[in-house]
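A short write-up of the structure that comes next.
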Amino acid sequence: MKGTAPPVAAGVTFQRLLQARSEPHNWLTYYGAYDGWRYSPLDQITRDNVAQLRPAWTFQFGQIGLTATPATYAFEAAPLVVDGVMFVSGWDGYVWALDAATGAELWRYKHEIPLDTPLCCGNVNRGVAVTNGKVFFATQNGYLVALDGVTGKPVWIQPFADVRAGESATLAPLVVKHLVIVGDSGAEYGVRGHIDAFDADTGRRVWRRYNVPKPGEPGSETWPRNGDAWARGGGTAWITGTYDPELDLLYWGTSNPGPDFDGSGRPGANLYTDSVLALDPDTGALRWHYQWTPHDVWDYSGVNENILFDRDGRKLLAHFDRNGYLFILDRTNGALVRVTTFGRVTWGEIDERGAVTVKNIPTEQGTDICPGPAGAKEWTHAAYSPRTGWLYTPVIDACATFKLVPGTFREGLPYWGGEVTTAGHQHGGAIKAYDPSTGREVWSWKHDKPMVSSVLATAGDLVFAGAPTGEFLAFDGRTGKLLWRYATGSGIHSSPVAYSVNGKQYIAVPAGWGGWLKGFAPGLLGAPRGDALFVFALP
């Protein structure tokens, strides 16, 4: 579609990104700000008036040029808003610029995605980044594309993921200084995960960090000395990192080792899979790491967000891992401060020192283990409110039967090493609040399906989240009381955001999901399709 957007992207500099929360009318970067809080200072919509929230406009994506099946695509994006213009990505290589007050389409870009692109877990994209006049987008077939923010036309395109080997890309890029930083997907194909940084102006690759060390590199002692298990060791980096400008550290999560469920050919802790890496953003050099799940054989991919906050004079990092544990670290050095469960856990125990005791692993006969491979929390994000000092997280309450099925590695083909089924297991979910100072659960709101949308906290003391059955929900952030709901018509597996235009506050959420979730049958969780971006406001 031909059209133009106002030149608002040209004014987004690194300095503005550093001060993103001082512009509450905008949502300038993936988590709203570098710290990963997913918190909006806007307070026009409050606990007292949220019941009056109504649809302001809807942008109907439809199924234009659809190349994926309904069971494998979803709208998982976090829209960005820059001075009245919204930039949002979707399945099949789409990016749109919209008028954030009306929903009018300003331009549309589509990157062609070949039908044979290996996509483990759905034809999805989680968002874009904006700086210096460009909109950056990682395509499912592994290209980083810089679009002109006014016209939507490509400025430069650079490959960074090897689709022939089974790599793909699904994350939102992160702009830090003059760099655009991305990571690959595809650990289920036995690839070697990496994080890449590109010059925002030219597209030149500045650095690449492989997350699984080759022989002789630090961490290689956690892989077999003989053989090449490290070369197909997984550790992809498919969720956007967070950044501390004072420490000048980039915090990025890594995924499961390969194969997912069969660890017999990779004895050892398998660094740096299932870890948070604290990196020098200028070079990619590793400053410290913490491994959430050593020698993972449950597919508890450790990519989930790392939330940065200060408490009692300490610089901390909070991480709700798929393995069912909430970790609080000192983000200056990676020291464990606190660990506690937030879901049903039978795979193993982690004590206050971080020592792991494994209880249950996949077997040839099949073993019932909690949580299932989607984890106690999938990739969708938690939030932090500085008003309450609490963390808010979606929770999956689901176990599964893990069966060991050893296989042979073949490049470009799935490399699981097992099978997982949820048959015979009950499923549920929740939205929960936690006090990071104690690890204590403050409140919990339960749902009969796993909760797999990101959470948004606001200065109106509200917490927003979506349900897989299609309802968009607002909770009292202090009590957990459900205050408002709206049926969108499709499962929600995305990241809601808040913004304002001309003094009017809006809440936006993409809805559209066929109900696919690894370890669950297609359609089990999702509502009927109704793909659209829903935007709400007070009358």
Side-chain angles (χ1 to χ4, degrees), residues 118-122 162 164-168 184-193 210-213 219-220 222-238 254-275 291-303 321-324 346-348 356 358-375 378-379 398-423 425 516-521:
L119 296 169
C120 152
C121 309
D162 184 354
R164 177 186 56 83
E167 292 183 45
S168 56
D184 64 337
S185 303
E188 289 74 19
Y189 288 77
V191 304
R192 185 185 179 207
Y210 282 102
N211 300 325
V212 175
S220 62
T222 66
W223 291 85
R225 181 173 301 178
N226 300 316
D228 58 357
W230 61 272
R232 51 181 181 268
T236 51
W238 51 274
T254 64
S255 78
N256 57 281
D260 298 55
F261 306 113
D262 181 5
S264 61
R266 49 174 175 86
N270 304 141
L271 290 174
Y272 293 94
T273 65
D274 285 329
S275 299
Q291 189 174 41
W292 316 116
T293 313
H295 190 70
D296 179 9
V297 291
W298 309 272
D299 193 23
Y300 293 152
S301 188
V303 295
D321 196 76
R322 286 166 64 138
N323 68 16
T346 65
W347 70 269
V356 177
V358 173
K359 298 291 188 180
N360 291 291
I361 62 173
T363 61
E364 293 184 357
Q365 297 76 27
T367 305
D368 294 341
I369 303 174
C370 309
E378 221 215 6
W379 68 265
C399 305
T401 301
F402 290 70
K403 187 175 182 180
L404 184 65
V405 185
T408 301
F409 172 75
R410 295 180 181 177
E411 186 178 61
L413 295 178
Y415 187 49
W416 298 85
E419 298 175 352
V420 183
T421 179
T422 60
H425 296 274
W516 189 96
L517 188 64
K518 182 161 42 176
F520 296 93

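Closest approach of Gly265 to Ala229, counting heavy atoms only: O-CB, 3.7 Å. Heavy atoms only, all atoms of each residue included: Leu119 and Ser168 are closest at CD2-CB, 3.7 Å. Between Phe261 and Glu419, the shortest heavy-atom distance links the atoms CD1-N, 4.5 Å. The heavy-atom pair separating Pro267 from Pro224 by the smallest distance is CD-CG, 3.6 Å. The two residues Pro362 and Ile369 come nearest to each other via the heavy atoms N-CD1, 4.0 Å. Of all heavy-atom pairs spanning Gly372 and Tyr300, the tightest one is O-CE2, 3.4 Å.
With sequence neighbours excluded, the residues that form a side chain to side chain donor-acceptor pair (under 3.5 Å) with Asp321 are His319, Asn323. In this structure, Arg192 has no side chain to side chain donor-acceptor pair (under 3.5 Å) partners at least two apart in sequence or on a different chain.
Under a 3.5 Å cut-off, the side chain of Thr222 and the backbone N or O of Ser220 do not form any donor-acceptor pair. With hydrogens and angles disregarded, no donor-acceptor distance shorter than 3.5 Å links the side chain of Asp162 to the backbone of Glu167.
Taking the side chain as every heavy atom from C-beta outward, Trp223 and Pro213 approach each other to under 4.5 Å. Counting heavy atoms from C-beta outward, Tyr272 and Gln291 have side chains that stay 4.5 Å or more apart. Side-chain atoms of Arg266 and Pro259, non-hydrogen and from C-beta on, do get closer than 4.5 Å to each other.
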**Asked** Please walk me through it: do Cys120 and Trp416 pass side chain to side chain contact (heavy atoms under 4.5 Å, CB included)?
**Response** CA-CA 11 Å; Cys120 152; Trp416 298 85; 4.2 Å; yes

**Item:** side chain to side chain contact (heavy atoms under 4.5 Å, CB included) evaluation trace for Val212 with Thr273
**Value:** CA-CA 7 Å; Val212 175; Thr273 65; 4.1 Å; yes

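Annotation: the span from Asn211 atom CG to Thr254 atom OG1 amounts to 6.0 Å, rounded to 0.5 Å. The CG atom of Asn256 lies 7.5 Å from the CZ atom of Arg322; values are rounded to the nearest 0.5 Å. Within the model, atoms CG of Asn270 and OG1 of Thr293 stand 11.5 Å from one another, a figure rounded to the nearest 0.5 Å. We find the CG-OG distance between Asp296 and Ser301 to be 8.0 Å, quoted to the nearest 0.5 Å. The distance from the CH2 atom of Trp230 to the CG atom of Leu271 is 15.5 Å, given to the nearest 0.5 Å.
Taking the six-membered ring for Trp, Trp347 and Trp298 have ring centres closer than 6.0 Å.
Residues Thr236 and Ser185 bring no donor and acceptor atom of their side chains to less than 3.5 Å of each other.
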Show me, pair by pair, the donor-acceptor contacts under 3.5 angstrom made by side chains of residues 401-411, not counting sequence neighbours?
{"residue": "Thr401", "atom": "OG1", "partner": "Asp368", "partner atom": "OD1", "Å": "2.6"}
{"residue": "Thr401", "atom": "OG1", "partner": "His425", "partner atom": "NE2", "Å": "3.0"}
{"residue": "Glu411", "atom": "OE1", "partner": "Arg164", "partner atom": "NH1", "Å": "2.7"}
{"residue": "Glu411", "atom": "OE2", "partner": "Arg164", "partner atom": "NH1", "Å": "3.3"}

